[in-house]
Amino acid sequence: MGCCELHNHTGNLEELMKTIPSEQQFFLAADVFSMLCDSTRLRILWLLCHAEECVSDIAAAVEMSAPAVSHHLRTLKQSGLITSRREGKEVLYTLACTKEANLVHDMIDDMFEIHCNRSGRNL
């Protein structure tokens with residue numbers, strides 16, 4: 001048996017391999033999950049799962065400087081997990097309405113045993 005031949009114990013591996021996601025899809029999934037590997041980003045995500053807030057309020061809530069929070073928000077926004085909107089002079093951030101963001105929200109709620117009402121969100 002060569003290094004790339006399947007050793008099919010269950011009989012369904014060959015069929016399963018026909019539906020394996022692309023490398024790009026795995027890369028994108030890993031990028032989303034990497035956002036959860038930083039405790040500060042996780043704290044910010046926890047907050048934005050349940051509220052829409054400006055940088056100053058997020059910084060106060062997580063006890064960090066506004067520039068440090070802005071850096072994390074930029075990273076989270078680039079990953080597609082959060083969105084922003086301008087209201088006057090302030091920019092407000094919240095969790096995005098995407099499949100990936102909803103998965104993150106579910107994981108955060110399960111991890112911290114929160115069962116919030118998401119009726120106000122556009123899912």
Side-chain angles (χ1 to χ4, degrees):
M1 181 183 312
C3 70
C4 297
E5 292 180 32
L6 297 176
H7 190 202
N8 196 351
H9 293 282
T10 61
N12 67 353
L13 185 56
E14 220 170 273
E15 286 299 312
L16 181 62
M17 293 307 293
K18 291 177 184 176
T19 62
I20 191 168
S22 69
E23 277 297 313
Q24 180 64 18
Q25 288 171 301
F26 281 114
F27 177 78
L28 292 173
D31 186 48
V32 169
F33 290 125
S34 73
M35 294 297 111
L36 305 177
C37 294
D38 181 280
S39 64
T40 299
R41 283 194 302 263
L42 191 55
R43 289 171 66 195
I44 293 169
L45 282 167
W46 177 89
L47 181 66
L48 297 180
C49 281
H50 305 101
E52 181 181 52
E53 297 294 341
C54 67
V55 173
S56 298
D57 288 348
I58 295 167
V62 299
E63 300 175 338
M64 291 184 71
S65 70
V69 167
S70 292
H71 169 76
H72 286 290
L73 290 170
R74 187 172 33 260
T75 300
L76 290 167
K77 191 170 180 184
Q78 288 171 346
S79 75
L81 290 177
I82 66 170
T83 61
S84 64
R85 69 179 181 87
R86 183 168 293 282
E87 189 171 285
K89 293 182 180 182
E90 290 190 312
V91 177
L92 301 174
Y93 296 87
T94 192
L95 197 69
C97 291
T98 63
K99 176 178 61 173
E100 295 81 9
N102 289 332
L103 173 63
V104 167
H105 188 160
D106 290 343
M107 289 188 318
I108 286 172
D109 281 0
D110 286 347
M111 179 62 67
F112 297 107
E113 298 179 358
I114 298 170
H115 303 287
C116 68
N117 178 4
R118 291 196 259 175
S119 60
R121 290 182 35 109
N122 296 326
L123 300 177

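Keep in mind that what you see is a predicted model, and the values were worked out from it rather than measured.
- Contact record, Ala61 with Leu47: CB-CD2, 4.0 Å, taken as the closest heavy-atom pair.
- The two residues Cys54 and Glu90 have their closest heavy-atom pair at SG-OE2, 3.6 Å.
- Between the OH atom of Tyr93 and the CD1 atom of Ile82 there is a distance of 6.5 Å, given to the nearest 0.5 Å.
- At a threshold of 4.5 Å between non-hydrogen side-chain atoms, the residues Met64 and Thr40 count as touching.
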For the pair Leu42 and Met111, evaluate side-chain contact (heavy atoms from CB on, under 4.5 Å) and give the outcome as yes or no after the intermediate values. CA-CA 11 Å; Leu42 191 55; Met111 179 62 67; over 6 Å; no
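- Closest non-hydrogen pair, Gly80 versus Ala96, comes out as O-CB, 3.4 Å.
- Taking 4.5 Å as the limit, some side-chain heavy atom of Leu28 sits within range of a side-chain heavy atom of Gln24.
- There is no path of hydrophobic side-chain contacts, each under 4.5 Å, that joins Val104 to Phe27.
- The closest side-chain heavy-atom distance from Val91 to Val55 is not below 4.5 Å.
- Cys97 contributes atom SG, which lies 6.5 Å from atom CG of Asn102 (distance to the nearest 0.5 angstrom).
- Residue pairs meeting the salt bridge (charged side-chain N to carboxylate O under 4.0 Å, His left out) criterion with at least one partner in residues 46-66, sequence neighbours excluded, are Glu52-Arg85.
- The heavy-atom pair separating Ala51 from Thr94 by the smallest distance is O-OG1, 3.6 Å.
- Gln25 pairs by the side chain to side chain contact (heavy atoms under 4.5 Å, CB included) definition with Pro21, Ser22, not counting sequence neighbours.
- Separating the OG atom in Ser79 from the NZ atom in Lys77 is a distance of 11.5 Å, to the nearest 0.5 Å.
- The minimum heavy-atom distance between Val69 and Ala59, with the atom names listed, is CG2-CA, 3.6 Å.
- For Thr19, the side chain to side chain contact (heavy atoms under 4.5 Å, CB included) partners at least two apart in sequence or on another chain are Leu16.
- In the hydrophobic clustering of this structure, Ile20 groups with Leu13; members are Ile, Leu, Val, Met, Phe, Trp, Tyr whose side-chain heavy atoms approach within less than 4.5 Å, directly or through other members.
- Distance check, rounded to the nearest 0.5 Å: CG of Leu95 to CG of Leu81 gives 7.0 Å.
- Between the CG atom of Leu76 and the CG atom of Leu73 there is a distance of 6.5 Å, given to the nearest 0.5 Å.
- Side-chain atoms of His50 come within 3.5 Å of backbone atoms of Trp46 as a donor-acceptor pair (strictly under, hydrogens ignored).
- At least one side-chain heavy atom of Lys18 sits less than 4.5 Å from a side-chain heavy atom of Glu15.
- Following chains of ILVMFWY side-chain contacts shorter than 4.5 Å, one cannot reach Leu92 starting from Ile58, and the two form parts of different hydrophobic clusters.
- Taken together through direct or relayed side-chain contacts under 4.5 Å among Ile, Leu, Val, Met, Phe, Trp and Tyr, Phe26 and Met17 form part of one hydrophobic cluster.
- Annotation: the span from His72 atom NE2 to Met35 atom CE amounts to 10.5 Å, rounded to 0.5 Å.
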